[in-house]
Amino acid sequence: AGSLMTTKLSQPQSTLAKSLTSTSTNAPYFKALESTEIPSYVTNCPSNGLCSRLPPDCVTCNTNYSCIYGKTATFDCKVKPHVHCVDENNHEQENFTINMTCQFCWQLATSDYVCTNSTNCMTVSCPRQRYNATCTVRDHIHCLGNRVFPKMLYCNWTGGYKWSTALALSITLGGFGADRFYLGQWREGLGKLFSFGGLGIWTLIDVLLIGVGYVGPADGSLYI
């Protein structure tokens, strides 16, 4: 019985010893795999292009927050691992300088970043509604601070309705409510249809309201 117990206990211990041995011998192999993995940012970095033209995700720069706002500032940068670039003489380099305007990312012009859009707010409300957008700086723009930032923007989405089409329908078929039907306002369209355009008065009013843009799509979007 004693020998049987010894045999049963020794088996798990030997198995554990083997697992520890195999783990320790394989550890360098796993580390080698991890070290040879190419970072995800490399796919966004042009190979053998100008270092000064690289996107910000491909370089590491010494940010100088004491620069004068609105003035051109020079920053020392270094390419990240696995990124290859050259200077103006086609010589490969790792350290270089870039010139950029001293300003935070959220202070950039609207053409320098892209923001999310919202279709849940009314564009024709008074006062105009705003929504919380998440904005991302374009790849070729350099700036200080976070490249992804929140911003309050006016509702400016469109449902595909054309102002010219709505006005043409209001002038030609407004007495039958075609303009209101086109804009998705079914109740007003039925009211105009069965009242013959309010005996012409409602038709004239709608021509003026659509002409000045006061009456818009029912979904609250902007005209194209």
Enquirer: Indicate yes or no for a side-chain donor-acceptor contact from Lys192 to the backbone of Gly174 under 3.5 Å, with no hydrogens or angles considered.
Expert: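 Looks like yes, one N/O pair under 3.5 Å.
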Enquirer: How close do Pro81 and Tyr41 get, counting heavy atoms only, and between which atoms?
Expert: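 In this case the closest contact between Pro81 and Tyr41 is O-OH, 2.8 Å.
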Enquirer: Are Phe149 and Phe104 near enough that their ring centres are under 6.0 Å apart?
Expert: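 For Phe149 and Phe104, the ring centres are not under 6.0 Å apart.
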Enquirer: Taking Cys135's backbone N and O only, do any of them form a donor-acceptor pair with Arg147's side chain (distance below 3.5 Å, no angle check)?
Expert: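 The answer is no, because no donor-acceptor pair under 3.5 Å joins these two groups.
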Enquirer: Can the SG atoms of Cys85 and Cys45 be said to lie under 2.5 Å from each other?
Expert: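 Disulfide absent: SG-SG distance not under 2.5 Å.
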Enquirer: Test of understanding: clusters of I, L, V, M, F, W, Y form through side-chain heavy atoms closer than 4.5 Å, transitively. Do Leu199 and Phe194 belong to the same one?
Expert: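 Different clusters: Leu199 never reaches Phe194 through Ile, Leu, Val, Met, Phe, Trp or Tyr contacts under 4.5 Å.
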Enquirer: Has the side chain of Trp202 got a donor or acceptor atom that lies under 3.5 Å from a matching backbone atom of Phe196?
Expert: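 Judged by distance alone, no pair lies under 3.5 Å.
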Enquirer: Closer than 3.5 angstrom, by distance alone: can the side chain of Gln185 be matched with the main-chain N or O of Gly216 as a donor-acceptor pair?
Expert: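 Yes, Gln185 side chain to Gly216 backbone: donor-acceptor pair under 3.5 Å.
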Enquirer: Ignoring hydrogens and geometry, is there a side-chain-to-backbone donor-acceptor pair from Thr134 to Thr116 under 3.5 Å?
Expert: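 Answer holds: no.
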Enquirer: Looking at Cys51 and Cys77, are the sulfur gammas closer than 2.5 Å to each other?
Expert: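 No, Cys77 does not link to Cys51 through a disulfide.
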Enquirer: Taking His91's backbone N and O only, do any of them form a donor-acceptor pair with Asn89's side chain (distance below 3.5 Å, no angle check)?
Expert: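 Pair absent, no side-chain N/O of Asn89 close to backbone of His91.
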Enquirer: Testing the 3.5 Å rule here: is there a donor-acceptor pair between the side chains of Asp76 and Thr97?
Expert: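 Distance-only check fails for Asp76 and Thr97.
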Enquirer: Arg130 side chain to Lys151 main-chain N or O, any donor-acceptor pair under 3.5 Å?
Expert: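 No; judged by distance alone, with no hydrogens or angles, the pair does not exist.
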Enquirer: Ignoring hydrogens, what is the shortest heavy-atom contact between Ala166 and Asp179? Give both atom names and the distance.
Expert: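 In this case the closest contact between Ala166 and Asp179 is O-CB, 3.9 Å.
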Enquirer: Does Tyr182 use its side chain to pair, donor to acceptor, with the backbone of Tyr161 at less than 3.5 Å?
Expert: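 Not confirmed, Tyr182 side chain does not pair with Tyr161 backbone.
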Enquirer: Closest approach of Val59 and Lys80, non-hydrogen atoms and distance?
Expert: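 Val59 and Lys80 have their closest heavy atoms at O-CE, 3.6 Å.
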